[in-house]
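Just so we're on the same page: letters track the sequence lines, and every chain starts at 1.
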Protein chains: 2
Amino acid sequence: MVVKSNGLALASRRVLSDVVTDDLRDAILSHDLEPGIRIAEDGLAIQLGVSRGPVREALMRLEREGLVTIERHKGARVASWTETDIEEIYSMRSAMEILAIEWACKNATAADLDAMEEILTRFSKLTDKQRTRKKISQFDLEFHSALFASAHHDRLNRTWEVLRSQIHALLVYTWSSDIKINKAYLPAWGPDHRKIVEVIRTKQTKKAKTLINSHIEGGLARISSHFKEGPKDISSK
Amino acid sequence: MVVKSNGLALASRRVLSDVVTDDLRDAILSHDLEPGIRIAEDGLAIQLGVSRGPVREALMRLEREGLVTIERHKGARVASWTETDIEEIYSMRSAMEILAIEWACKNATAADLDAMEEILTRFSKLTDKQRTRKKISQFDLEFHSALFASAHHDRLNRTWEVLRSQIHALLVYTWSSDIKINKAYLPAWGPDHRKIVEVIRTKQTKKAKTLINSHIEGGLARISSHFKEGPKDISSK
DNA sequence: ATACTGTTGTTTGTTAACAACAATCCTTTG
DNA sequence: CAAAGGATTGTTGTTAACAAACAACAGTAT
C-alpha cells in the first residue's frame, strides 16, 4: 500500500511506523483496546491498511513505553495493571521528578519558565464545568512534561516519556471506574503547581525537592485510593 | 539464510534478532566498533549472514540501550560520549541506585544477599595480577546488577539495564585512554561493597541510601577525572 | 476415561525485492 | 567562477511471501 496523505498533508517526515505507533497508543490510552487484550500483527496491519513491518516496529516501541507486553513467538498484549505496578511507577516517578527539579533549578531558561506558566494560565481560564478529571490529568501531564523539559537532561526525559505513558494509562483506568474524585484536590491544582514554578525560578533546590516529593506523594495517594476500590488486575488472561 | 546451530544446540529459544543484538552489543562494548562510526543495515546484515530484518530490530534495541543513535532515513551510528553524557548517566544512576537500595532493604531475600556475597567472594579470590581495570569493572557491574535484582522492581531493573550498558561503554572508553588507575581505590573495592550488603541485610534504609550515594559519587569522580584528560568527544562526525 | 501423539491452523520470525528518501556529484546557467 | 538544479547512487522504509514455532484438537492406545 502506498502512503496516502489522508486529507491533510503530513507536516514533518512522518514515517508509517510513527503513524501506527501513535494510532495504537491512542487506541490504548483511549481505552479502545482494553488491558490484557491480544494484538495480532497481521490483524492490526490489515485493519490499518499497512504491512506487518511498521506494526511490528510500533509494538516494539510501545513495549518500551510499557503499554504492551511482548512474548517471543506468542505476540503482544495490551499491558494490564496491578497495585504493584502503581507502586513501581510512582516510586520511579518520585525519584525522576526530584532529579528533574534539581536539574531544572540549574538549567531552566526564562522560556522554560514561561512555558510552565503558560500552561497554568490556560488552566486558570477553564470554567468549573470544563475541569473534568480527564482535563485535569491532561494539564497535569503537560505541566510535568514542561518541568522535565526544563531540566535539559536527555536521558531523564526519555525515561519520563515512558513513565508518562504509563501514568496516563493508569489515570485512564481510574477514570473508567466511576469513583468520585476528591473534590478538595481540584482548587489546589493551580496554586500547587505555581509554587513549583516559583521555587525553580528562585533556584531553591532543597525546597524544590521536598515540595515536588510531597506533590507526587499526593498524586500517588489519590490514584492509589481509586485503584484499591476497583479490581486488582484488569487482565482476564 | 537458515538458522544453523553452530556447533552446539541452542539451549533457549534464541531468535536471530537476539543473536544479532548480542553480537553487535559485544562489538560496541569491546570497542571493535568505535563511537561515531556508521552502521549500515545492509552491510551488517551481509557480514552476519542474515537479512536486514533482525539487524533492524537489533539496532532499535541498542538505540533504547543508548549504545547507538538512529536518525530517520539516515541510519545508525555508534553512540559517542561527552562530559554531558557522564553527568546525565551518573545523575540517573545515583537516583536509581538510591531507589534500588531502598527497595532492596524491603524486598531482598536471603538468596539475593547470598548472590551478592558470592560475587564479593569470587572477587576476593582474585590475585593482584588478575585485578585489572577491566576485571574490576566487570565485577562492579555484576555486583550492582545483583543489587538491583534484589530490589525486585521490574521497571527499575529495565532502567538499570539501559544504564548498565551505557556505563559499560563509558568504562571501556576510559580503559582505552591509558591514564593510570587510582591505586587507592583497588583495595577498598571489596570492603566498600561488603558494607553495602550489610546495611541491606540489617535493613538500615536511611544509612543505606547515604552509603550508596557516596559510593556512586566516588565512581563518578573516578571516571570523570579520567575523562577530562581525554578528548571531549570521540565522534569525528 | 486418560495420556500420548500426530495433525492442522494460526501467529510470529525471516527473507528478498521494491519504493521512497537523502546525499553527492555533475551539469547547466547566471 | 559560483550557484542552482537535476540525475545518480547508496541507504532506509515498506511490502509480500515463505519458514518456523506454538496452540488446539482429534484420534489412538492403554
J.: Quickly work out the B/D18 CG to D/dA20 P distance and round it to whole Å.
T.: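 Interatomic distance, CG of B/D18 to P of D/dA20: 18 Å.
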J.: May I have the distance from B/R38 (atom CZ) to C/dA22 (atom P), rounded to whole angstrom?
T.: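 Spelled out: CZ on B/R38 to P on C/dA22 is 13 Å.
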J.: Can you check the A/E71 CD to C/dT12 P distance for me, whole Å?
T.: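 In whole Å, C/dT12 P lies 12 Å from A/E71 CD.
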J.: Could you tell me if A/D112 and A/T109 have a donor-acceptor pair between their side chains, going purely by distance under 3.5 Å?
T.: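 A pair is found: one side chain offers a donor N or O, the other an acceptor, under 3.5 Å apart.
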J.: Expressed in angstrom and rounded to an integer, what is the separation of B/L44 atom CG from C/dT14 atom P?
T.: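 My rounded result for the distance is 14 Å.
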J.: Under 4.0 Å from OP1 or OP2 of D/dT14: is there any side-chain N or O of A/S17 that close?
T.: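 So the side-chain polar atoms of A/S17 do come within 4.0 Å of the phosphate oxygens OP1 or OP2 of D/dT14, strictly under.
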J.: Counting only side-chain N and O atoms of B/R52, is one of them less than 4.0 Å from OP1 or OP2 of D/dT15?
T.: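 For D/dT15, OP1/OP2 do not have a side-chain N/O of B/R52 under 4.0 Å.
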J.: Return the set of residues passing ring pair (Phe, Tyr, Trp, His ring centres under 6.0 Å) with A/H153 (not counting sequence neighbours), or none when no residue passes.
T.: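 For A/H153, the residues satisfying ring pair (Phe, Tyr, Trp, His ring centres under 6.0 Å) (neighbours in sequence not counted) are A/W103.
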J.: Across the strands shown, which category fits B/G75 at heavy-atom distances under 4.0 angstrom: base, sugar-phosphate, nothing?
T.: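 Sugar-phosphate: the residue B/G75, judged by heavy atoms under 4.0 Å, touches backbone atoms but no base.
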J.: Please report the C-alpha distance between A/D85 and A/T82 in whole Å, then the side-chain angles of each, then the deciding distance to 0.1 Å, and finally whether the side-chain hydrogen bond (donor to acceptor under 3.5 Å, both in side chains) criterion is met.
T.: CA-CA 5 Å; A/D85 292 309; A/T82 68; 3.3 Å; yes
J.: For the pair made of NE2 in A/H73 and P in D/dA21, what is the distance, rounded to whole Å?
T.: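 Spelled out: NE2 on A/H73 to P on D/dA21 is 6 Å.
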J.: A/S51 or B/E41: which one's nearest nucleotide on DNA chain D is closer to the 5' end?
T.: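 With A/S51 and B/E41 compared, the 5'-side residue is B/E41.
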J.: Please list all pairs meeting ring pair (Phe, Tyr, Trp, His ring centres under 6.0 Å) that have one or both residues in residues 35-61 of chain B, counting only residues at least two apart or in different chains.
T.: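 Not a single pair qualifies under ring pair (Phe, Tyr, Trp, His ring centres under 6.0 Å).
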J.: Would you call the rings of A/F148 and A/W160 parallel, tilted or perpendicular, where under 30° means parallel and over 60° means perpendicular?
T.: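 Answer is parallel, since the angle falls under 30°.
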J.: Looking across every strand, which nucleic acid part, if any, lies under 4.0 Å from B/I70 by heavy atom: base, sugar-phosphate, or nothing?
T.: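 If one applies the 4.0 Å heavy-atom cut-off, B/I70 turns out to touch nothing in the nucleic acid.
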J.: Tell me which of A/P54 and B/D42 sits closer to the 5' end of DNA chain D, going by the nucleotide each one is nearest to.
T.: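 It is B/D42, whose closest nucleotide lies nearer the 5' terminus.
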J.: Could you please name the option among D/dG13, C/dT11, C/dT15 that lies closest to any side-chain atom of B/L16?
T.: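 The nucleotide sitting nearest to the side chain is C/dT15.
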J.: Given D/dA23, is OP1 or OP2 found less than 4.0 Å from the side-chain N or O atoms of A/K74?
T.: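 Yes, because at least one side-chain N or O of A/K74 sits under 4.0 Å from OP1 or OP2 of D/dA23.
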J.: OP1 or OP2 of D/dT12 less than 4.0 angstrom from a side-chain nitrogen or oxygen of B/R72, does that happen here?
T.: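 It does not, given that no N or O in the side chain of B/R72 lies less than 4.0 Å from OP1 or OP2 of D/dT12.
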J.: Using whole Å, report how far CE of A/M60 lies from P of C/dT12.
T.: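 So the two atoms are 14 Å apart, to the nearest Å.
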J.: Pick base, sugar-phosphate or nothing for B/I39, based on heavy-atom distances below 4.0 Å to the nucleic acid.
T.: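 Touches sugar-phosphate only.
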J.: What integer distance in Å separates B/L59:CG from D/dT12:C1'?
T.: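 So the CG-C1' distance, B/L59 to D/dT12, works out to 11 Å.
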J.: Counting heavy atoms from C-beta on, name the nucleotide in D/dT14, D/dT15, D/dC22 closest to the side chain of A/V50.
T.: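 Closest of the options to the side chain of A/V50: D/dT15.
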J.: Whole angstroms only, please: what is the CZ-P distance between B/R14 and D/dA21?
T.: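 One finds 15 Å between P of D/dA21 and CZ of B/R14, rounded.
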J.: Compare side-chain N and O positions of A/R56 against OP1 and OP2 of D/dG13 and report whether any pair is under 4.0 Å apart.
T.: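 Looking at the OP1 and OP2 atoms of D/dG13, neither is under 4.0 Å from any side-chain N or O of A/R56.
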